[in-house]
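A quick write-up on the structure given underneath.
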Amino acid sequence: MNLNLVLFLGGLGLVAGLWRSGQGNDAGFLLSVWPALKVADLGLLAGLGVLLAVITALVAYAYQRASAPVIGLFDNGYLVFALFWSVLIFGDRPGFIDLLGIVLIGSGALLATTASANCGPDRSEGD
């Protein structure tokens with residue numbers, strides 16, 4: 001809930017900043033990109049919203065059931081999935097910086113997983 005609240009407030013702040021600076025052009029850019037939505041479109045949006053809610057709840061549940069570094073490693077697996085669909089569906093080939101970012105995020109998750117495995121269950125005893 002906090003993440004969604006922060007994202008909403010951040011977006012609202014950016015829109016307000018655009019509006020105040022005159023770059024927002026009376027917020028016309030916000031309304032101009034939206035076509036008229038049909039019932040099927042609204043159904044798709046609702047379905048995607050439900051799927052996102054289910055996925056978010058399952059990820060939160062996974063973090064409760066296993067160690068955070070292990071779940072984090074698999075949670076970052078979406079990068080490979082996004083890369084695959086980006087190339088396959090949209091024909092968008094990632095650049096060097098994109099690939100470097102993916103490798104750095106994946107490496108960080110992998111390092112966190114191996115570091116937690118080497119630490120043992122409780123290092124505070126006997127220190």
Side-chain angles (χ1 to χ4, degrees):
M1 182 65 182
N2 288 337
L3 173 64
N4 290 321
L5 183 62
V6 168
L7 290 173
F8 172 75
L9 292 175
L12 190 62
L14 289 172
V15 168
L18 284 172
W19 173 75
R20 182 150 171 88
S21 71
Q23 298 292 323
N25 200 16
D26 294 331
F29 73 97
L30 289 174
L31 302 174
S32 65
V33 296
W34 290 95
L37 298 177
K38 299 176 183 135
V39 175
D41 299 327
L42 293 174
L44 177 63
L45 288 174
L48 290 173
V50 168
L51 283 174
L52 181 61
V54 168
I55 290 168
T56 303
L58 289 174
V59 168
Y61 180 72
Y63 274 105
Q64 293 173 350
R65 303 290 298 172
S67 67
V70 170
I71 299 302
L73 176 65
F74 289 103
D75 193 16
N76 287 317
Y78 76 90
L79 292 170
V80 175
F81 183 74
L83 178 66
F84 175 73
W85 287 116
S86 171
V87 172
L88 186 69
I89 294 176
F90 302 110
D92 185 23
R93 307 246 182 244
F96 174 75
I97 297 296
D98 302 323
L99 291 174
L100 180 63
I102 291 170
V103 167
L104 287 174
I105 291 170
S107 298
L110 188 61
L111 285 172
T113 303
T114 57
S116 69
N118 292 335
C119 290
D122 188 12
R123 294 182 59 204
S124 61
E125 292 183 46
D127 284 346

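Through side-chain heavy atoms spaced under 4.5 Å, either directly or across other Ile, Leu, Val, Met, Phe, Trp or Tyr residues, L5 is tied to F8, L9, L12. Hydrophobic clustering, defined by side-chain heavy atoms of Ile, Leu, Val, Met, Phe, Trp and Tyr closer than 4.5 Å, groups I89 together with F81, F84, W85, L88, F90. Cluster partners of I71, by chain and number: I55, V59, Y63. The rule joins Ile, Leu, Val, Met, Phe, Trp and Tyr whenever side-chain heavy atoms lie under 4.5 Å apart.
For L14, there are no side-chain contact (heavy atoms from CB on, under 4.5 Å) partners, not counting sequence neighbours. Qualifying side-chain contact (heavy atoms from CB on, under 4.5 Å) partners for I105, counting only residues two or more places apart in sequence or in other chains: N76, L79.
The distance from atom CD1 of I102 to atom OG of S107, rounded to the nearest 0.5 Å, is 11.5 Å. In this structure, CG on L37 lies 6.0 Å from CG on L45, to the nearest 0.5 angstrom. Separation of atoms CG (L111) and CG (L104) is listed at 10.5 Å; rounding is to 0.5 Å.
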Test log, rule side-chain contact (heavy atoms from CB on, under 4.5 Å), inputs D98 and L83: CA-CA 10 Å; D98 302 323; L83 178 66; over 6 Å; no

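Residues A36 and D41 approach most closely at O-OD2, 4.2 Å, considering heavy atoms.
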